[in-house]
Trainee: 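Got a structure for you, written out below as structure tokens; questions coming shortly.
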Amino acid sequence: MKRKQAERKLRAEQEQLISLFNSIEEVIYVTDPHTYEVLFANSHLKQLLRINPVGQKCFRVFQNMDAPCPFCTNSIILKNKYKPYTWEFHNTILNRDYSIIDRIIKWSDGRDVRFELAIDITEQKKLIEQLQQSQKMEAVGRLAGGIAHDFNNMLTAIIGYSEILNMDDRISQRQRGCVEEIRKSATRATSLTQQLLAFSRKQVLQPKIISINSLVADIHTLLKRLIGEHIQLDLILDDNLGLVKVDPGQIEQVIVNLALNSRDAMLNGGILKIETKNVSLSQGIRDYITPGDYVVLSMSDTGSGMDNETIKHIYEPFFTTKEKGKGTGLGLSTVYGIVKQSGGFIEAQSTVNSGTTFDIYLPRDQTPEEEEEKKSRSATPLNGHEKILLVEDDDHVRNLLDTCLKQYGYEVLSAANGGNALQIYEQKREKKFDLLITDVVMPDMNGRALAKRITKKCPTIKALYMSGYTEDAIIHHGVLDEGLHFIQKPFTPHDIARKVREILDAQ
Ligand SMILES: Nc1ncnc2c1ncn2[C@@H]1O[C@H](COP(=O)(O)OP(=O)(O)OP(=O)(O)O)[C@@H](O)[C@H]1O
Ligand SMILES: [Mg+2]
């Protein structure tokens, strides 16, 4: 009677323990490290495997192998005796990562058996990887942005002086050819620094409320020409698509870069599909995004696709799988920078030999669409006789601008810094300056502060700011302050002359 009671008690305790293991939502099991037989599996593991593995060989049920796994850890764990052994493992069958604690315990029949607790750390690992990735991009971005900033000043001078030389009719035909080569190379370098700036999110954005559908429609013909006739272009545009606040030129750049990559991935033809739709993301769908309403621009191709290793690196500047001369590896870095700077994010999915999809999420904006202002640009003459106060701390750029503005007929007085500019202004009060052209980032007094002081004295003077960089007094979060005139370095003498006329002619 007593024995029966004791047995019942023991069984109840056993059941209690088992139900405890079954209530844990992590993998728990026991195997015999000599025979590989599974002796116990908790409910969570049975659900994952969709079978009861007890009684079967561990390598068969967990790894789908016919013999012990080459990476089997039984011997290590046996050697460790009763001390816990901790390790990480990626299970390819379940495609999940586990942090595992193993130890030898005594089984009821006196055998030394292996007890394993495996905790699923797939999401954690993904988050850490994302964090590392974004930190890496951040660091590379800062580096790229810094280089681009300095190069912008140098390129402005190189391009400017070559244009000035070119205008000189005393140079020979051969010299003119050389100058033209210098200008062309410098212009190519400009497009490189522009891409680096875009990647490092240091471009000056001039966002407008637009519909991505109209933008796609606008560049539809250009896209067709770019990708060639062997690739079919399909547009699936949502009629009720929400609006977004973006820099239209920049988003065009995104679409063009993605289309060019798709073209390169479909050398023997295929389909490029551009699709737009509204998507609302709720909390927790993705760890790295803000929940809310988005417009999604998807570009899918039926091209060569990419393997996982390639996908990990695609947004890094200068990462390319194309042969030398075919790609610089800046296309997707630029796309990444522009999308991020526009407040959105990008996701890529790809299957080797089947195709690639890029989804670009841009936050929806409820403000009504702005009318595109149509400017007749090229028709306006570039010459003028107005009085300009020019402030720039870089000697090369200042001398260049001074020379070229004078060539266009303007009366120019130059200063190397804000203090000097104020002095000149005081001395030449009677001159009544029409325009102040000033660099934004200068030691002592920045361009914005200088302009404020001068407009206080002379409210009619207009101001044009120049900069190669966004982190300054007139641009906040990459967006130009409302109502300011701005020109991005590097620019050509022609560019600035056009800008100057635009400002002076505006009412
Ligand atoms: N649609 C795609 N299909 C297959 N692979 C792609 C696709 N888009 C990008 N890739 C891969 O990503 C790499 C990086 O692309 P990215 O646009 O940044 O540079 P690139 O095209 O090589 O050079 P660049 O754009 O500067 O001329 C490519 O070299 C290619 O391996
Ligand atoms: Mg590319």
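If you're wondering where the values come from, they're calculated on a predicted model, not measured in any experiment. Atoms within each ligand, like the ligands themselves, are counted from 1 in listed order. As a basis for the values below, the full set of heavy atoms in this structure was taken, side chains included, without hydrogen atoms, waters or symmetry mates.
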Trainee: Could you check atom 18 (O) of ligand 1 against the protein and tell me its nearest heavy-atom contact, residue, atom and distance included?
Mentor: L332 N, 2.8 Å

Trainee: In the protein, what heavy atom is nearest to atom 19 (O) of ligand 1, and what distance, to one decimal place, separates them?
Mentor: G329 CA, 3.2 Å

Trainee: Just to be sure I'm reading this right: ignoring hydrogens, which of E316, K326, K322, M299 gets closest to atom 20 (P) of ligand 1? Compare them by their nearest heavy atoms.
Mentor: K322

Trainee: Which of the atoms of ligand 1 are close to T320, meaning less than 4.0 Å from one of its heavy atoms?
Mentor: 20 (P), 22 (O), 29 (O)

Trainee: Does G303 have a heavy atom less than 4.0 Å from any atom of ligand 1?
Mentor: no

Trainee: Give me the nearest non-hydrogen protein atom to atom 14 (C) of ligand 1 as residue plus atom name, then the distance to 0.1 Å.
Mentor: F319 O, 3.4 Å

Trainee: Do N278 and V295 have side chains that approach each other closer than 4.5 Å (heavy atoms only, starting at C-beta)?
Mentor: yes

Trainee: Between T356 and ligand 1, which residue portion shows a heavy-atom distance shorter than 4.0 Å: side chain, backbone, both, or neither?
Mentor: side chain

Trainee: For K136, is there an ion pair with E316 - N to carboxylate O distance below 4.0 angstrom?
Mentor: yes

Trainee: Give the atom numbers and elements of ligand 1 that come within less than 4.0 Å of a heavy atom of G305.
Mentor: 4 (C)

Trainee: Hey, can you tell me if Y361 and F345 have their rings parallel, tilted or perpendicular (30° and 60° cut-offs)?
Mentor: parallel

Trainee: Side-chain contact test, heavy atoms from C-beta onward, threshold under 4.5 Å: evaluate it for I274 versus H220 and give yes or no.
Mentor: no

Trainee: Which atom names give the shortest non-hydrogen contact between L272 and A259, and what distance separates them?
Mentor: CD2-CB, 4.0 Å

Trainee: When you measure from atom 11 (C) of ligand 1 to each heavy atom in E323, Q195, M306, which option holds the nearest one?
Mentor: M306

Trainee: For atom CD of E25, decide whether the heavy atoms of other residues, nucleotides or ligands shown that lie under 6.0 angstrom number more than 12.
Mentor: no

Trainee: Heavy-atom distance to atom 8 (N) of ligand 1: which of T328, N261, D264 wins?
Mentor: N261

Trainee: Mark the output for I314 as yes if a heavy-atom distance to ligand 1 is under 4.0 Å, and as no if none is.
Mentor: yes

Trainee: Which of the atoms in ligand 1, numbered in the order shown and given with their element, are less than 4.0 Å from a heavy-atom of G327?
Mentor: 23 (O), 27 (O)

Trainee: Taking only Lys NZ, Arg NE, NH1 and NH2, and the carboxylate oxygens of Asp or Glu, determine whether K489 and D439 approach each other closer than 4.0 Å.
Mentor: yes

Trainee: For Q349, does the CD atom sit with more than 12 other heavy atoms under 6.0 Å from it, leaving out its own atoms?
Mentor: no

Trainee: Starting from atom 29 (O) of ligand 1, locate the nearest protein heavy atom and write down its residue, its atom name and how far away it is, to 0.1 Å.
Mentor: T321 N, 2.9 Å

Trainee: What do you reckon, is NZ of K224 surrounded by more than 12 foreign heavy atoms closer than 6.0 Å?
Mentor: no

Trainee: Relative to ligand 1, is L260 under 4.0 angstrom through side chain, backbone, both or neither, heavy atoms considered?
Mentor: neither

Trainee: If I take every N, O or S atom of N261, is at least one of them less than 2.8 Å from the Mg ion (ligand 2)?
Mentor: yes

Trainee: If you define the side chain from C-beta out and look only at heavy atoms, does anything of I212 sit under 4.5 Å from I360?
Mentor: no

Trainee: Around atom NZ of K499, are there more than 12 heavy atoms of other residues, nucleotides or ligands at under 6.0 Å?
Mentor: yes

Trainee: Consider every N or O of G331 and every N or O of ligand 1, then say whether any pair is closer than 3.5 Å.
Mentor: yes

Trainee: Which ligand 1 atoms are under 4.0 Å away from a heavy-atom of D301?
Mentor: 1 (N), 2 (C)

